[in-house]
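Here's the structure, in structure tokens; my notes come after.
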Amino acid sequence: MAAEAEVLDELHRLRARVPQLTGALAASVDGLVLAHDTPGVEPEGLAALTAAALGVAVRMTDAAGRGELRELLLRGANGYVATYAAGSSAVLTLLAQDRVNVGRLHLEGRRAGGRIGELVDALPRPDDSAASNARAAATRNPARSLARTADGTTPGPPAQTPAPTPAKATVRSTMPRRTPRATTPRPTPRTTPNAPTTSES
């Protein structure tokens, strides 16, 4: 890949800027080698050990409340092993002689880690490319279904059905309707004015 070649070129330039470096390796955080310039050192084993050391270092920074891990520096009798974060998914591991200027090592290692991180983060991931291919296929032919019929043929596009006309909106009141009361005429008693009343004894 072009990006991996650029990562390897960055490792070569880094070793040219810091002559005391004896090796440089870019790897993923889970221990896969991306590019290496490590004469005399097995890159796969160094990448695997870097991933293991990172796991312990991340737990230590979390336990100490130091935040996100940025770099890891080890010193042995014959020199240094320095690991720097390179983007969100990679690390840069440098091998240096004991007489290296540690300040210069940190300066160049951090700069190179930033550039390598940009290159690695720009690479398409397998799950991302599969998802983008599926989205592109759905965009090109959204009418076709991924499912197949029982005889193994792919169903054609569904028949076009006219869109239903929207129903007219009606507003209904929530108040109960008042029904008019049925009125029946009341019988009025007929009285005869000045009619004499008689009583039988």
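Computed from a prediction, not measured in an experiment: that's the story for all the values here.
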Using a 4.5 Å cut-off on heavy atoms from C-beta on, say whether the side chain of L14 contacts that of L92. yes

Using 0.5 Å steps for rounding, measure from the CZ atom of R99 to the CD atom of Q20. 5.0 Å

Working to the nearest 0.5 Å, report the span between CG of L34 and CG of L25. 8.0 Å

So, do L72 and T93 sit near enough that their side-chain heavy atoms are less than 4.5 Å apart? no

Would you give the length of the straight line joining atom CZ of R75 to atom OH of Y80, rounded to the nearest 0.5 angstrom? 3.5 Å

Give a yes or no on whether L49 and V41 share a hydrophobic cluster (residues Ile, Leu, Val, Met, Phe, Trp, Tyr; joining criterion: side-chain heavy atoms under 4.5 Å apart). no

Would you say CZ of R17 has more than 12 non-hydrogen atoms from neighbouring residues, nucleotides or ligands within 6.0 angstrom? yes

Do E10 and R13 sit within salt-bridge range, that is, some charged N less than 4.0 Å from a carboxylate O? yes

Minimal non-hydrogen separation, A27 against A47, with atom names: CB-CB, 3.9 Å

Closest heavy-atom pair, V33 versus P43, reported as atoms and distance to 0.1 Å, is CG2-O, 3.6 Å

Looking at side-chain heavy atoms only, is the closest gap between H106 and L73 below 4.5 Å? yes

Could you walk me through whether L74 and T83 satisfy the side-chain contact (heavy atoms from CB on, under 4.5 Å) test, starting with their C-alpha distance in whole Å, then the side-chain angles of each, then the deciding distance to 0.1 Å, before giving a yes or no? CA-CA 9 Å; L74 303 174; T83 299; over 6 Å; no

Taking every non-hydrogen atom, the tightest pair across E71 and L69: O-CD1, 3.5 Å

I want to check something: taking the side chain as every heavy atom from C-beta on, are V29 and V91 in contact at a cut-off of under 4.5 Å? yes

Output for pair (D121 CG, I116 CD1), nearest 0.5 Å, gives 11.5 Å

Using 0.5 Å steps for rounding, measure from the CZ atom of R59 to the CG atom of D62. 9.5 Å

CG of D30 to CG of L54: how many Å apart, nearest 0.5 Å? 10.5 Å

Please determine whether residues L105 and L11 belong to a single hydrophobic cluster, defined as Ile, Leu, Val, Met, Phe, Trp and Tyr linked transitively by side-chain heavy-atom distances below 4.5 Å. yes

